[in-house]
Amino acid sequence: MNSIGARVRARRGGPPPRDNRTMDNRDVARLLVQTADLMEIAAEDPFRIRSYRNAATAIEACPESVLEILQDPARKVTDLPGIGKGMAANLHEIAVRGSFERRDQLLERYPPTALELLKIQGLGPKTIALLWEHYRVSTIDDLERICREHKLRLLPRLGAKLEEKVLRSIATYRQSAGRFLLSVADEVATELCHYLAETPGVDKVTPAGSLRRGRETVGDLDLLVTGAGAASALDRFIAHPSVTEVLAKGPNKASARFGPHAIQVDVRALPKESYGAALQYFTGSKDHNIALRARCLKLGFTLNEYGLFRLDDNTKVAGETEERVYAQLGLAWIPPELRENHGEIEAAAANRLPHLVELAGIRGDLHMHTLESDGRATLEEMAAHARALGYQYIAISDHSKALAMANGLDERRVLAFAERVRELQDSLGIHVFSSIECDIRKDGAMDLDDEALASLDLVIGSVHSYMNQDSAEMTARLLRALECPYLRVLGHPTGRLLLAREPFSFDFDRVVDAAVRRNVALEINASPERLDLHDTLLHAAKLRGARFVIDTDSHHPQHLANMRYGVTMARRGWLEASDIVNTLPLKEFQEQLTAL
DNA sequence: GCCGTTTTCGGCCCGACTGTTTTCAGTCG
């Protein structure tokens, strides 16, 4: 079972599903991570805690359901890396009753709400345990009260400064839940990189961290600065007018909140000779780095942010470039988007990393709106901007009539629109396909009749209503829509809005299989609020044989530039140009359209 | 709790910064 709803619950850390028959790998992994967090609060053996986290990572990365492997007498769950006898016993218990003994014991000692406290910056497991023992603090509201009453400072090793810091952290946490859209982080990083690069003596400023890896949301920004002027760039950074709060400032690192979103930015000054090692180190992910260091030790090296060193005589063997660090470890350079410890190190070692799709390989954009529905520009303006981006073709895909609020097109207007596109074709300087973003109604029927759909070059089907249907209903709805013979693309398949709305609940695997059978491409909607489909689902869908289109869903010419975020998501999903239909040149793309 | 092409025991990734201390624990990335 691979229900989207379950996957999201796992990521957001809500309560576990009660019915363990619907548990997928993410749910299981989350139980283990939660147990590891509680073990930290209980100050248990750090290595044992890590083994729980490792097991969770392995289970999340596993393409098959671990609970199904458990039930198969021919399979051994201990064949998974990081799963031994003890963890297998826990998994058996989870399969039977949705939890396991050690987790239950910890939950008797500490309330599950205590886990949320770990998200408050400046508070770690030790302090949370202390607060629980002295004051029974279990929620963020409790924590806020203790700080306001100045009771936190009464505890050993804690003081007034921590009280203030925690109160500020609580405010920030509540304001943003701690994460920002990739596009927001990208804009701040671009601005700051330019600003810091103007410091005399600065050679390079590079974003690292989850922004460089292209995660759809970013918690904070890491900027690396090198050159003789790097140290003064730190001073210049904290003096920036948009810095609202300086969190830390040393000779090598400055940390501050920046701009209206109060996004945390860490700037690090680095010597040229260790720039590559630092870039590698601060790009992460944490899991990737841990796995990489384990490989280092095996090969007789140690790796830190200053370089790669031989263990026996401490000789530095790499550090100036990332490529050299990876090469010394017998690895091809790994694109940052893949650095999640999801098999990329093994692939690099075997020289079988994918040739990831690139922005320059995109030949057209198939999802954009005009004044005809809820867009803000004309067909001609959108076409002109797309041509300026170097595309060979676009599809204009306005809304259908169900979205009355968006002035969606009815059958009559669709036929007129298709006719108009044919008339304009030669005057636009770029090939324009007539298309529609047709609503998939509550019961899975298309919002327009067959005659109207048949008049268009391309039909994208999207769900915009009744988004809280249960999994069975939504699955049936999407499966019915996929039987429409004119449907070519399933638009923003999960319907999620980042930091705002959960994805629909549906059986992802069944829908993908139907799309593969029906030759319907899955959309990678590049709008920064959507990024839908996203990395893990893309990889899963690719393994099931799916093909994809990357679209911007632009409502304004400026939105066309969002294509890069969609490409980033595709790269994170291990997709190559051959997986993406709109990398095809016009002629071949047209052949594909008619062949489908 | 996991792991082993030296090992079934004894390892397990590493360093910077802060606050509250007077040498370091806790937190973070």
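Only this structure's heavy atoms are used, side chains among them; waters, hydrogens and symmetry mates stay out. Throughout, protein chains are lettered first and strands after them, A, B, ... in sequence-line order, and every chain is numbered starting at 1.
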So the ring-ring contact (aromatic ring centres under 6.0 Å, His included) pairs with at least one residue in residues 185-209 of chain A (sequence neighbours excluded) are A:Tyr195-A:His240
- Task: Kindly say if A:Asn304 contacts the phosphate of B:dG15, meaning a side-chain N or O under 4.0 Å from OP1 or OP2.
- Result: yes
By nearest-nucleotide position on DNA chain B, the 5'-leaning member of A:Thr78 and A:Tyr306 is A:Thr78
### Message
Once you apply a heavy-atom cut-off of 4.0 Å, does A:Ser255 come out as touching a base, just sugar-phosphate, or nothing?
### Response
nothing
Quick tally for nucleotides 4-9 of chain B: nucleotides whose base has a protein heavy atom under 4.0 Å get B, sugar-phosphate-only ones S, the rest -, giving ------
Between CG of A:Leu80 and P of B:dG1 the distance, given in whole Å, is 18 Å
>> Check this for me: does any side-chain nitrogen of one of A:Arg339 and A:Asp287 sit under 4.0 Å from a carboxylate oxygen of the other?
In response: no
Re B:dT8: Watson-Crick or G-U wobble partner, both distances kept under 3.5 Å, found to be none
Subject >> Spacing of the C1' atoms in B:dT7 and B:dC12 (rounded, Å) >> reply: 14 Å
- Query: When you compare B:dT6 with B:dG1, how far apart are their P atoms, in angstrom units rounded to a whole number?
  - Reply: 28 Å
Its contact letters, B for base, S for sugar-phosphate only and - for none at protein heavy atoms under 4.0 Å, make nucleotides 21-29 of chain B read ---BSSSSB
The residue among A:Arg168, A:His150, A:Arg148, A:Lys151 that forms side chain to side chain donor-acceptor pair (under 3.5 Å) with A:Glu163 is A:His150
Between A:Arg213 and A:Thr283, is there a donor-acceptor pair closer than 3.5 Å when you use the side chain of the first and the backbone of the second? yes
> What nucleic acid atoms does A:Asn54 come within less than 4.0 Å of, heavy atoms only: base, sugar-phosphate, or nothing?
Replying inline: nothing
Quiz item: Across the strands shown, which category fits A:Ala36 at heavy-atom distances under 4.0 angstrom: base, sugar-phosphate, nothing?
Solution: nothing
DNA chain B nearest-nucleotide lookup for A:Gly159 and A:Ser51: closer to the 5′ end is A:Ser51
**Asked** If we take the C1' atom in both B:dG26 and B:dT21, what is their distance in whole Å?
**Response** 13 Å
Note to self: Using the C1' atom as the point on both nucleotides, what is the distance between B:dG15 and B:dG10, in whole Å?
What the structure shows: 24 Å
>> Between B:dC14 and B:dT22, how far apart are the two C1' atoms, rounded to whole Å?
In response: 26 Å
Task: B:dG4 versus B:dT8 - spacing of their C1' atoms, nearest Å - done: 8 Å
### Message
Using only atom types and a distance under 3.5 Å, with no angle test, would you say the side chain of A:Asp532 pairs donor to acceptor with the backbone of A:Thr494?
### Response
yes
For B:dT20 and B:dC24, measure between their C1' atoms and round to the nearest Å. 10 Å
query = Reckon A:Leu297 touches a base, only the sugar-phosphate, or nothing at all at heavy-atom distances under 4.0 Å?
reply = sugar-phosphate
Heavy atoms from other residues, nucleotides or ligands near CD of A:Glu358 exceed 12 (cutoff 6.0 Å) | no
